[in-house]
Amino acid sequence: MNCATFSKYSLLDLAFTVIASSTFLFDVGSDMWVFGVLLSFMLMSSVVVQLFSWFWLKYDCELKDFESQASARNVVLFSGAKRVKLLLVLHVFQLGFFIRHISAIWQGFRVWWREGCGSEYAVYLTHDLSMLRLIETFCESVPQLTLMMYIMLHSNHARLVQYVNVGTSTTSIAWMEVDYHRSLRSFLPDKDNQGWLSSMVYFFWNLFLIGPRVAAVALFASVLHCYITAHFLSLWPVFVTWAWMQDTNFMDSPAGEWLYRATVGLIWYFSWFNVAEVHTRGRSLIYHTFLIIDTSILLATWWLYRDAEMTQSYAFILIISISLCYVLGLLIKVLYYCCFHPKLWKPTDLGKVTYYVTDGVEPPVDIQADNASVQTINKRMGRHAANFYTTNTLSAIKTNECEATNSSVL
């Protein structure tokens, strides 16, 4: 080969080679970073859900007569001293949540096959699963949705399938809130079933509040992605401390309760979640005021640091749309509690007492779950339902007051 026929390799050629290699490595590194973040969300979510599942398993095993109540004519995958070690191994390998689903499905099938026999234990399992699915939603689905929006905004380009994925994910998260809400309602005595109209209003309230919050976080991350972790870590301890100050009592052990408060802090970063009785209107007002201020700061930061030329076509419309959607969500929430919130009536020997379903006060001790017996009622979810809703106090029943006090939440 005659080297004279080739041009001389210059310093400029070297520079272009270095730049091309650097951009390739940067592209690979950014892909690995996105994959790593996505993987961390999945791992964190799985660990948190498995911890909750394991704590609840231990609590159930310590309950008096739970073994006999759960085992009677039922398929039991979550009780029995001989199964505890096996279940511990399954939870360590992140399979506990999956086994719970299998147990609930199989128990439900046997209830259908036997035409109702064993339904109490099926209801018990279902209520645990509803809470675990909600925890998984906010530990995995919501952060993944935020990451998806961040990628679209950061690249300033999106395909149709990405828009569909964002819309589907947001809808799924809002619907998960509705499903969880309906599950909690089964703990209320003589409940009014939540109809489709009430459910749809509840759904749109959550859709228009959670969606704008996630979008605002994604916008902030698209211009200052190095600071989004600092932003979360600055708010999360505040939320956890606030949950601690409200003296939450969802779990049966101190370690479990702190896990619950830490999870509540994560949920509050995106959405309101009531955890304690009384004064819920004031806490809700404080929370939404704080979140409006914080979201406004995130949007203002994006507006200042954005690429004005690349975002010129949609920046103003996006800011206005996010703001209007959040305000619309608050208005729908108020409308829900004013016009579409189901009311409860519980007749007693002392007279008829009215129950209004709002956040707050402890319900009567004879609260039942879909005709479940007292021995098989899921008491931790019953306590949580008591905090999520406002009913009359026991003292009001004992003093033969026909008109009970009630409070509402914004």
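What's counted below: heavy atoms across the whole structure, side chains too, no hydrogens, waters or symmetry copies.
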**Study point:** With Leu304 via side chain to side chain contact (heavy atoms under 4.5 Å, CB included) - residues at least two apart
**Key:** none
Check your understanding: So with a 6.0 Å cut-off around NE2 of His154, is the heavy-atom count from everything else above 12?
Key -> no
Check your understanding: Between the side chain of Ser155 and the main-chain N/O of His157, is any donor-acceptor distance below 3.5 Å?
Key -> yes
**Study point:** Nearest-0.5 Å distance that lies between atom CZ in Arg100 and atom CD in Gln50
**Key:** 9.5 Å
Check your understanding: To the nearest 0.5 Å, what is the distance between OG1 (Thr263) and OH (Tyr260)?
Key -> 9.0 Å
Review point. Between Phe250 and Met131, is a side chain to side chain contact (heavy atoms under 4.5 Å, CB included) present by the stated rule, with each step listed?
Key: CA-CA 12 Å; Phe250 181 65; Met131 184 65 176; 4.1 Å; yes
Study note, to complete from the structure: Those residues at least two apart in sequence (or on a different chain) that pass side chain to side chain contact (heavy atoms under 4.5 Å, CB included) with Leu330 are Leu209, His288, Ile292, Tyr326
Practice item. Please identify each residue that fulfils salt bridge (charged side-chain N to carboxylate O under 4.0 Å, His left out) with Arg133, with sequence neighbours left out. Key: Asp179
Exercise for review: Would you indicate whether Trp244, at its atom CH2, is surrounded by more than 12 heavy atoms from other residues, nucleotides or ligands within a distance under 6.0 Å?
Suggested key: no
Check your understanding: Got a donor-acceptor contact below 3.5 angstrom from the Ser271 side chain to the Ile210 backbone?
Key -> no
Point to revise | Side-chain touch Tyr59/Met251, heavy atoms, less than 4.5 angstrom | key: yes
Check your understanding: Name the one of Trp205, Tyr287, Phe239 that satisfies ring-ring contact (aromatic ring centres under 6.0 Å, His included) with Trp272?
Key -> Tyr287
Check your understanding: Do Leu235 and Asp294 come close enough that some side-chain heavy atom pair is under 4.5 Å?
Key -> yes
Practice item. Measure from the ring center of Trp268 to the ring center of Trp236 and say whether it is less than 6.0 Å. Key: no
Point to revise | Over all atoms of both residues, closest heavy-atom pair of Pro212 and Ile322 | key: CB-O, 3.7 Å
Review point. What's the shortest heavy-atom distance between Ser130 and His127, and which atoms?
Key: OG-O, 2.7 Å
**Study point:** Nearest-0.5 Å distance, CD of residue Glu136 to OG of residue Ser46
**Key:** 8.0 Å
**Study point:** Closest approach of Cys139 to Met44 (non-hydrogen atoms, all atoms of both residues)
**Key:** O-CE, 3.2 Å
Mind listing the side-chain donor-acceptor pairs of residues 142-151 below 3.5 Å, one per line with the distance, residues two or more places apart or on another chain?
from, atom 1, to, atom 2, distance (Å)
Gln144, NE2, Glu140, OE2, 3.3
Thr146, OG1, Val142, O, 2.9

Point to revise | Heavy-atom side-chain contact between Met245 and Thr241 under 4.5 Å | key: yes
Practice item. Mark yes or no for whether Ser53, through its side chain, and Val49, through its backbone, hold a donor-acceptor pair below 3.5 Å. Key: no
Exercise for review: Name all residues meeting the ring-ring contact (aromatic ring centres under 6.0 Å, His included) criterion together with Trp175; count only those two or more places apart in sequence or in a different chain, and write none if there are none.
Suggested key: Phe203
Practice item. Working to the nearest 0.5 Å, report the span between CZ of Phe270 and CG of Asn206. Key: 14.5 Å
**Study point:** Exceeds 12 heavy-atom contacts within 6.0 angstrom, atom CE of Met152
**Key:** yes
Review point. What is the ring orientation for Phe232 with Tyr269, classed by angle as parallel under 30°, tilted 30 to 60°, or perpendicular over 60°?
Key: perpendicular
**Study point:** Beyond-backbone contact of Phe109 with Ile105, side-chain heavy atoms, under 4.5 angstrom
**Key:** no
Point to revise | Backbone N/O of Val161 and side chain of Asn165: donor-acceptor pair under 3.5 Å | key: yes
**Study point:** Main-chain N/O of Thr168 paired with Ser172 side-chain donor or acceptor, under 3.5 Å
**Key:** no
Quick one: side chains of residues 217-224, donor-acceptor pairs under 3.5 Å with protein atoms, not counting sequence neighbours, listed by atom name and distance.
from, atom 1, to, atom 2, distance (Å)
Ser222, OG, Leu219, O, 2.5

Review point. With sequence neighbours left out, what residues match Phe138 under ring-ring contact (aromatic ring centres under 6.0 Å, His included)?
Key: none
Revision key, fill the gap. Sequence neighbours excluded, the answer for salt bridge (charged side-chain N to carboxylate O under 4.0 Å, His left out) partners of Asp307 is none
**Study point:** side chain to side chain contact (heavy atoms under 4.5 Å, CB included) involving Leu39 - partner list, sequence neighbours excluded
**Key:** Phe35
Check your understanding: Can you check side chain to side chain contact (heavy atoms under 4.5 Å, CB included) on Leu298 and His231, steps first, answer last?
Key -> CA-CA 10 Å; Leu298 295 180; His231 178 263; 3.6 Å; yes
Check your understanding: Does Asp252 reach the side chain of Glu257, with side-chain heavy atoms less than 4.5 Å apart?
Key -> no
Check your understanding: Less than 4.5 Å apart, any side-chain heavy atom of Val327 and any of Ser323?
Key -> no
Exercise for review: Please list, chain by chain and in numerical order, all residues satisfying ring-ring contact (aromatic ring centres under 6.0 Å, His included) with His225, sequence neighbours excluded.
Suggested key: none
Point to revise | Validation row: Val166, Thr170 side chains within 4.5 angstrom (heavy atoms) | key: yes
Practice item. Check for a donor-acceptor pair, side chain of Ser45 on one end and backbone N or O of Met42 on the other, with a separation under 3.5 Å. Key: no
Check your understanding: side chain to side chain contact (heavy atoms under 4.5 Å, CB included) between Leu90 and Phe98: does it pass, once the steps are laid out?
Key -> CA-CA 9 Å; Leu90 290 174; Phe98 174 75; over 6 Å; no
Practice item. Apply the test side chain to side chain contact (heavy atoms under 4.5 Å, CB included) to residues Trp242 and Val238: give CA-CA distance (whole Å), side-chain angles for both, the deciding distance (0.1 Å), then the verdict. Key: CA-CA 6 Å; Trp242 196 28; Val238 177; 5.6 Å; no
Point to revise | Flag for Tyr180-Thr137: side-chain donor and acceptor within less than 3.5 Å | key: no
Exercise for review: Give, for atom OH of Tyr336 and atom CG of Leu197, the distance between the pair rounded to the nearest 0.5 Å.
Suggested key: 10.5 Å
Point to revise | Partners meeting ring-ring contact (aromatic ring centres under 6.0 Å, His included) with Phe52 (sequence neighbours left out) | key: Trp56
Check your understanding: Do Tyr314 and Asn156 have side-chain N/O donor and acceptor atoms under 3.5 Å apart?
Key -> yes
**Study point:** Contacts of Thr295 that satisfy side chain to side chain donor-acceptor pair (under 3.5 Å) - sequence neighbours left out
**Key:** Arg213
Review point. Mind checking whether Trp54 and Val92 have side chains closer than 4.5 Å, heavy atoms only?
Key: no
Practice item. Verify, without hydrogens or angle tests, whether Ser103 (side chain) and Ile99 (backbone) share a donor-acceptor contact under 3.5 angstrom. Key: no
Check your understanding: So how far is it from Leu57 CG to His91 NE2, rounded to the nearest 0.5 Å?
Key -> 6.0 Å
